[in-house]
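Okay, structure first, notes after.
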Amino acid sequence: MNGPVVVLGGTGFVGRRLVATLVGRGLRVRVPSRNPNLHRDLRLLPGVEVPGVDPYSTAGLDAAFAGAGAVVNLIGILNERGYSGKGFQKAHVDLTRDVIAASRRAGVQRLVQMSALRAGEGESHYLRTRGEAETLVRQSGLAWTIVRPSVVFGRGDGLYTRFARLLRLLPMLPLARAQAKFAPVFVDDVAEAITRCLLQPPTAGETFELFGPEVMSLRRIVEDTARWTGRRRWIIGLPDALGWLQAQFGDLLPGKPISSDNFRSLKLDSVGTRDGLAVLGIVPTPVAAIVPDLLAGGRHQSRLDRCRGDTLR
């Protein structure tokens, strides 16, 4: 591949694993950031540059894409300020449109776009805008690939780690949409899948659903978290009327632990129908092989940890 891979969102949960995986394949990586000094650990990886540019500006994208060989767009949000959907529109649709335009100006033909299972379905702003972004990508004329993961788990995730914090503070946890189903996928498997998409030209024009080997309810996820952290807690599944009220109240809380848009997303099960990991030759990692050790403070290392350690030795 001529030129570095630009990873938008490369400082985030999935992005950091992806960067380390790409480095492990000998690729050069560029991670644009508005605050590059906060991510000096990424600069320790061989072949990684972290330029100080704003990916939401035209000039920033042009600078980031200059001389690049490929672009991976991981930027996305689960919640927005307010309730109108404008935040989702900006992060998912408007930015994707700008990424496509900047790719054309820079002559970058290869684009991998992170989306989500069930994108374009249902009532939530999150899934609606993910679907609109996919349409833009498919109509871009670029050599595109779309990956659609279920909920992603790993060290520092927004799933098991988040529930572990809540269970530490609360004697009981009322749970909206407790019956909603997921097929959690390991973050390193997602990073590997994106890397293989970049390195395998036949994946252009394809959409890959990425999900783990086991389907489980939200209640099961929380119950497993309580068990693996050694906490006995009451998990109370709420009827939808009360769950909706909980979500509306959550809109008003800092960090929105649950929001009305989350509730609408949870009406659709995050379960796939076509195993993209299998198509890419990846054996999915079970939750039970990773999460209990992480929640117990175990020494499982992400690829970023291992790669950084190798660099420093």
Side-chain angles (χ1 to χ4, degrees), residues 1-81 87-88 90-108 110-114 133 147 152 154-158 161 187-188 190-192 194-195 197-199 255 301-313:
M1 182 180 299
N2 295 323
V5 178
V6 177
V7 181
L8 298 174
T11 62
F13 171 56
V14 175
R16 297 171 73 83
R17 272 67 165 191
L18 174 60
V19 169
T21 304
L22 294 172
V23 167
R25 294 295 203 285
L27 297 174
R28 291 180 291 138
V29 184
R30 183 179 296 159
V31 184
S33 172
R34 284 175 285 193
N35 300 292
N37 290 333
L38 298 179
H39 309 290
R40 294 176 181 176
D41 56 335
L42 288 175
R43 290 176 170 175
L44 293 175
L45 302 180
V48 174
E49 54 180 308
V50 186
V53 298
D54 181 1
Y56 280 94
S57 73
T58 298
L61 287 176
D62 286 345
F65 290 8
V71 172
V72 180
N73 182 18
L74 302 178
I75 292 178
I77 60 172
L78 291 175
N79 282 305
E80 63 174 353
R81 292 182 179 179
F88 291 106
K90 177 182 178 182
H92 298 159
V93 183
D94 296 346
L95 179 63
T96 296
R97 184 181 292 112
D98 292 344
V99 166
I100 291 168
S103 296
R104 291 171 176 159
R105 289 194 298 271
V108 180
R110 191 72 174 98
L111 172 65
V112 177
Q113 174 88 358
M114 172 80 86
V147 294
V152 184
R155 182 180 298 280
D157 62 28
T161 304
V187 64
D188 282 8
V190 174
E192 179 65 24
I194 294 172
T195 300
C197 288
L198 285 170
L199 295 177
Q301 291 182 306
S302 70
R303 286 194 175 98
L304 177 62
D305 299 326
R306 293 194 296 271
C307 189
R308 185 168 62 236
D310 291 342
T311 301
L312 294 175
R313 279 197 291 271

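With a 4.5 Å cut-off on side-chain heavy atoms, Phe65 and Leu8 count as touching. With contacts defined as side-chain heavy-atom distances shorter than 4.5 Å, the pair Leu22/Val7 qualifies. For the pair Val152/Met114, no side-chain contact is recorded, criterion being any heavy-atom separation below 4.5 Å from C-beta on.
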Residues His39, Arg16; criterion side-chain contact (heavy atoms from CB on, under 4.5 Å); working and verdict
CA-CA 10 Å; His39 309 290; Arg16 297 171 73 83; 3.8 Å; yes
Go through it in stages, so that I can follow the logic: the residues are Leu74 and Ile194, the test is side-chain contact (heavy atoms from CB on, under 4.5 Å), and I'd like the CA-CA distance, side-chain angles, deciding distance and then a yes or no.
CA-CA 10 Å; Leu74 302 178; Ile194 294 172; 3.9 Å; yes
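Considering every non-hydrogen atom in both Phe13 and Val187, the closest pair reads CZ-CB, 3.8 Å. For the residue pair Val71 and Ser103, the shortest heavy atom distance occurs at CG2-OG, 4.2 Å. Closest approach of Val31 and Pro51 over heavy atoms only: O-CD, 3.5 Å. The two residues Ala102 and Asp62 come nearest to each other via the heavy atoms CB-OD1, 4.0 Å. Between Thr21 and Ala191, the closest heavy-atom pair is OG1-CB, 3.6 Å. Ala68 and Val6 make their closest contact through CB-CG2, 3.6 Å (heavy atoms, listed as atom of the first residue, atom of the second, distance).
Across Val5, Leu27, Val48, a single residue satisfies side chain to side chain contact (heavy atoms under 4.5 Å, CB included) together with Val19, and that is Val48. Residue Leu38 is tested with Asp41, Leu42, Asn35 for a side chain to side chain contact (heavy atoms under 4.5 Å, CB included); the sole match is Asn35.
Asn37 CG: more than 12 foreign heavy atoms inside a 6.0 Å radius.
With hydrogens and angles ignored, the 3.5 Å screen pairs a side-chain donor or acceptor of His92 with a backbone N or O of Ile77. The backbone N or O of Ala64 sits less than 3.5 Å from a side-chain atom of Arg30, completing a donor-acceptor pair. Although no hydrogens or angles enter the test, the distance criterion places no donor-acceptor pair under 3.5 Å between the side chain of Arg17 and the main chain of Val190. Under the 3.5 Å distance criterion, the side-chain polar atoms of Arg43 are matched with a main-chain donor or acceptor of Val50.
Asp157 meets the salt bridge (Lys or Arg N to Asp or Glu O under 4.0 Å) test with no other residue; sequence neighbours excluded.
From Arg34, atom CZ reaches atom OG1 of Thr11 across 9.5 Å, with rounding to the nearest 0.5 Å. With rounding to the nearest 0.5 Å, the separation of SG in Cys197 from CZ in Arg110 is 7.0 Å. Rounding to the nearest 0.5 angstrom, the gap separating the CD1 atom in Ile75 from the NZ atom in Lys90 is 10.5 Å.
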